[in-house]
Amino acid sequence: MIKINIDGKKTEVQNGTTILSAAKKLGIDIPTLCHQPTVEAYDACRLCVVDVTDGKKTKMVTSCNYPIRKEIEVDTKSDKVIKTRKTLIEMMLSRWPNVRAIKNLAGEYEVEKPRMKHPKIDYNPNACILCGLCVNACSEIMWEDIIGFAGRGDKRKVVMPFEEHNIACVGCSTCENICPTGAIKMVEDPNSPVDGARIKKYGYNVTKEMAQLDADQCDMRGVGTAHLAEIMDDYDLLPTMNYQYGSHNDTPNISSPVFKKKYFTQGLPDGCYLGCSMACAKTAEGFELKTGPYKGEKVLVDGPEYETVGGCGSNLGIFDPEFILESNFYCDTYGLDTISYATSTAFAMECFEHGILNKERTGGLDLRFGNKEAAMEVLHQMARGEGFGVTIGQGIRRMKKIFAEEYDLTDAQIDFMQDIGMECKGMEYSEYVTKESLAQQGGYGLALKGAQHDEAWLIFMDMVNKQIPTFKDKAEALHYFPMFRTWFGLMGLCKLPWNDVEPIDNAETDEPAKVPAHLEGYVNFFSGMTGKEIDKFELIRQSERVYNFQRVFNYRLGFGTREHDAIPYRSAGPVTIKEYESRSERYDKELEEKWDYDISGKTTEEKRDYLRKMREDAYEKLCDAVYKRRGWDSNGVPTLEKMQELKMDIPEVKKVLAK
Amino acid sequence: MKKKITVNKQEIDWEENMTITRILEVMNYTFKMLVVKVDGKLIKKQDYDRFVVSAHADVKVIHLISGG
Ligand code: SF4
Ligand code: SF4
Ligand code: FES
């Protein structure tokens with residue numbers, strides 16, 4: 001900390017703090033025209049000048065970009081400073097006499113009629129005053145660099161390249177919002193919203209939060225979702241070797257600093273959504289492939305995202321960033337989903353380690369965890385439609401059936417496959433360990449389309465924060481979040497800006513988990529777009545209609561009932577003795593404290609079995625509570641009353657429910 | 001008897017001069033979007049290094065992500 005003195009007031013600041021922000025904290029006002037906390041100052045207006053005394057020397061500096069590095073004294077109101085500001089204001093007033101920001105300053109500094117006459121006087125109240133904020137905002141906030149200054153002296157102005165409309169401009173309106181004079185106006189609203197200004201206001205708030213807060217929050221712009229790998233490992237949630245464990249000593253090899261330092265090359269917004277300042281997608285350029293049809297070629301890899309790191313990395317027991325990049329590339333190229341490939345392969349690997357598969361059955365593939373050559377060959381075989389890759393490519397549900405039918409397996413082996421095959425409704429699990437969060441087991445098992453976390457991700461709320469302890473609390477969360485998140489799907493919106501960056505005061509709101517300010521933003525977005533006023537309750541209603549209709553649809557096709565919401569036991573607790581023993585302290589404690597089970601003299605097998613009984617029972621109770629909250633019967637089918645309440649009791653629905 | 005504090009309903013040993021930063025370290029809470037409350041009072045991020053919790057305090061470290 002460095003001691004400083006501003007206008008006689010003393011304070012301490014961190015090395016590098018600007019004089020302007022130190023003064024602001026002391027309640028001292030310094031005028032600015034070209035400064036905004038979100039972007040680098042252009043040093044254009046010089047209005048923020050102050051006197052700095054360091055020992056005996058005094059000099060005048062611009063306070064908005066002067067970093068405090070040692071003990072100094074600052075005078076923000078010396079005669080010289082005031083005189084300089086007055087001259088600057090006078091000059092600006094002579095050129096832009098009607099610009100409100102300048103007129104206000106002139107009033108404040110008692111500058112009346114300018115003594116000089118400017119040769120290029122501009123009477124436009126929205127004239128550009130060349131502050132440069134838009135230029136820096138476009139470059140720093142949006143990473144777009146579309147606008148810049150051209151010309152010198154009187155001819156200086158803000159333009160797009162060659163003074164032509166530039167199609168690369170994403171129309172984000174950041175420049176329009178930051179401009180202090182209103183010189184920039186967006187001329188086109190491509191989606192013809194009813195009230196574009198309302199939408200822009202919200203959009204700009206998120207853009208501002210990204211610029212100010214992201215680096216300290218999720219660093220989505222720096223590394224995207226890949227930062228989750230190390231976080232999940234710290235919380236014992238990173239799936240390791242087919243979800244047996246939640247962390248591993250080698251995780252640092254595949255964590256985001258490795259990708260950021262060695263592989264990610266383009267610090268550019270990815271363009272998946274025009275004007276998105278979150279820009280979370282990352283790419284690695286010039287990556288040389290080691291296998292497959294493009295072996296030896298240098299390619300661009302789009303990713304990896306967290307799911308790919310967890311799935312193709314730790315969950316296969318492969319802690320090698322280059323394997324992750326290569327499997328990412330080939331999954332994309334072959335049109336495969338990295339989660340399904342990875343989770344299916346992890347299942348096959350565990351079957352191999354337990355003797356359900358062997359080299360003879362896999363056509364020579366040595367499918368032990370950690371064997372990257374074999375895992376990569378599986379991927380190529382899937383694409384070529386050859387060998388054992390064809391079997392794995394059919395997914396876990398079919399694999400369980402094929403193995404049971406074709407190999408001479410014991411009942412225990414068949415049950416084991418059921419327990420460790422991480423799929424629900426035929427869809428492979430995405431990459432989170434759910435054993436210690438009952439709510440998240442429901443998040444996967446009760447999702448309509450199968451084991452996906454995109455309806456509800458409740459692990460921190462449930463397991464870490466312990467915010468939803470009762471069945472009723474969990475059921476409420478498993479009602480609200482799936483409905484809320486379904487809404488993003490209905491609108492075609494990305495959900496990351498909802499809670500991968502959060503307003504600075506979110507913590508102080510009544511329901512931080514819902515991010516109320518952003519929720520309000522979505523309500524405004526909908527109303528601004530359609531002209532129809534809704535509130536946050538109607539937003540959930542909109543989803544409920546669709547969600548329940550989808551459940552009825554599933555029911556009509558023979559799914560959508562309780563039995564199809566069942567989850568593999570690996571999702572709820574330790575299947576093997578080894579798994580139990582790896583976290584025995586945790587499980588023993590639960591048995592004693594939560595279930596009043598006397599563990600003395602009990603074998604691990606007995607303890608594991610008792611824990612299983614308790615946890616499986618808890619899952620059924622969770623289903624009961626959720627069905628009730630959602631307005632479904634005890635078999636998980638929406639009731640006719642619920643459909644009536646939602647005004648979805650159309651004849652087709654009635655017919656299906658009458659069955 | 002060792003003095004304790006509660007962190008997210010879990011008891012841990014209290015230490016002399018225990019700051020929020022220290023608690024996060026003990027709990028291995030590395031996630032960044034946190035809300036910390038000590039006996040119901042919100043503690044701001046800039047005070048994590050300074051604020052010292054007393055024995056028997058009830059600490060809540062809310063991890064703000066319902067996403068993923
Ligand atoms: S609208 Fe956005 S991308 Fe276009 S010039 Fe302005 S800041 Fe840059
Ligand atoms: S257009 Fe607005 S923001 Fe850009 S330089 Fe001119 S006054 Fe500043
Ligand atoms: S505000 Fe500092 S130079 Fe303009």
Side-chain angles (χ1 to χ4, degrees), chain A residues 14 213-219 225 227-228 230-237 247 306-307 430-432 439-440 443 452-454 456-469 477 480-481 484-485 495-502 504-509 511-515 589, chain B:
Chain A
Q14 230 144 33
L213 308 170
D214 178 54
D216 285 333
Q217 292 186 354
C218 293
D219 198 16
T225 59
H227 75 281
L228 284 170
E230 53 267 29
I231 302 271
M232 290 305 133
D233 188 82
D234 285 342
Y235 289 82
D236 208 21
L237 295 167
S247 57
Y306 164 71
E307 299 292 335
S430 60
E431 311 305 330
Y432 297 97
Q440 190 57 35
Q452 245 299 322
H453 65 277
D454 63 351
W457 197 92
L458 304 171
I459 305 187
F460 278 172
M461 272 182 101
D462 189 33
M463 169 187 119
V464 185
N465 304 341
K466 314 228 168 50
Q467 280 171 301
I468 42 175
Y480 179 81
F481 288 102
F484 180 55
R485 296 168 68 139
K495 70 153 249 306
L496 298 193
W498 161 52
N499 77 350
D500 281 279
V501 65
E502 289 177 352
I504 193 102
D505 60 355
N506 189 49
E508 289 144 55
T509 58
E511 291 183 297
K514 293 183 182 172
V515 199
K589 195 166 164 229
Chain B
M1 261 266 291
K2 268 200 172 149
K3 289 182 183 163
K4 302 268 183 189
I5 56 169
T6 320
V7 181
N8 289 357
K9 302 192 181 162
Q10 189 183 324
E11 282 206 331
I12 63 165
D13 288 338
W14 175 77
E15 299 165 9
E16 203 74 52
N17 288 322
M18 199 173 201
T19 59
I20 301 295
T21 306
R22 174 68 190 144
I23 294 175
L24 300 182
E25 203 180 285
V26 173
M27 299 298 292
N28 201 20
Y29 285 168
T30 54
F31 187 65
K32 283 197 184 150
M33 284 173 17
L34 301 175
V35 178
V36 176
K37 288 189 176 167
V38 176
D39 296 321
K41 194 177 143 240
L42 186 78
I43 310 296
K44 294 230 156 101
K45 207 180 193 141
Q46 60 261 34
D47 296 329
Y48 287 3
D49 282 333
R50 277 179 280 176
F51 188 91
V52 172
V53 297
S54 46
H56 314 300
D58 179 23
V59 183
K60 286 204 174 79
V61 183
I62 307 200
H63 290 57
L64 276 187
I65 199 153
S66 12

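Below, chain A is the first sequence line, B the second, and so on; all start at residue 1. As a basis for the values below, the full set of heavy atoms in this structure was taken, side chains included, without hydrogen atoms, waters or symmetry mates. As the structure is a prediction and not an experimental result, all values here were calculated from the model.
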Student: So do A/N465 and B/N8 actually touch side chain to side chain, heavy atoms under 4.5 Å?
Tutor: yes
Student: Under 4.5 Å from any heavy atom of chain A, what part of B/K60 do you find: side chain, backbone, both or neither?
Tutor: neither
Student: With a 4.5 Å limit on heavy-atom distance, are the side chains of B/K44 and A/E508 in contact?
Tutor: yes
Student: For A/K466, does the NZ atom sit with more than 12 other heavy atoms under 6.0 Å from it, leaving out its own atoms?
Tutor: yes
Student: Between A/V464, A/N506, A/L213, which has the largest tally of heavy atom pairs under 4.5 Å with chain B?
Tutor: A/V464
Student: Parallel, tilted or perpendicular: which describes the rings of B/H63 and A/Y235, with under 30° parallel and over 60° perpendicular?
Tutor: perpendicular
Student: So do A/Q217 and B/K32 actually touch side chain to side chain, heavy atoms under 4.5 Å?
Tutor: no
Student: Donor-acceptor pair, distance only, cut-off 3.5 Å: does the side chain of A/D234 make one with the backbone of B/T30?
Tutor: no
Student: Side chain from CB out, backbone as N, CA, C, O: work out which of these in B/L42 comes under 4.5 Å of a heavy atom of chain A, or both, or neither.
Tutor: side chain
Student: Let me confirm one number: the CZ-CG distance from B/F31 to A/L228, rounded to the nearest 0.5 Å.
Tutor: 7.5 Å
Student: Taking atom NZ of B/K4 as the centre, report whether more than 12 heavy atoms of other residues, nucleotides or ligands fall under 6.0 Å from it.
Tutor: yes
Student: Compare every heavy atom of A/Q467 with every heavy atom of B/I62, then report the nearest pair and how far apart it is.
Tutor: CG2-NE2, 3.6 Å
Student: Can you tell me if CD on B/Q46 sees more than 12 non-hydrogen neighbours from other groups inside 6.0 Å?
Tutor: yes
Student: Kindly give the heavy-atom pair with the smallest separation between B/L64 and A/A513, and that separation in Å.
Tutor: CD2-N, 4.2 Å
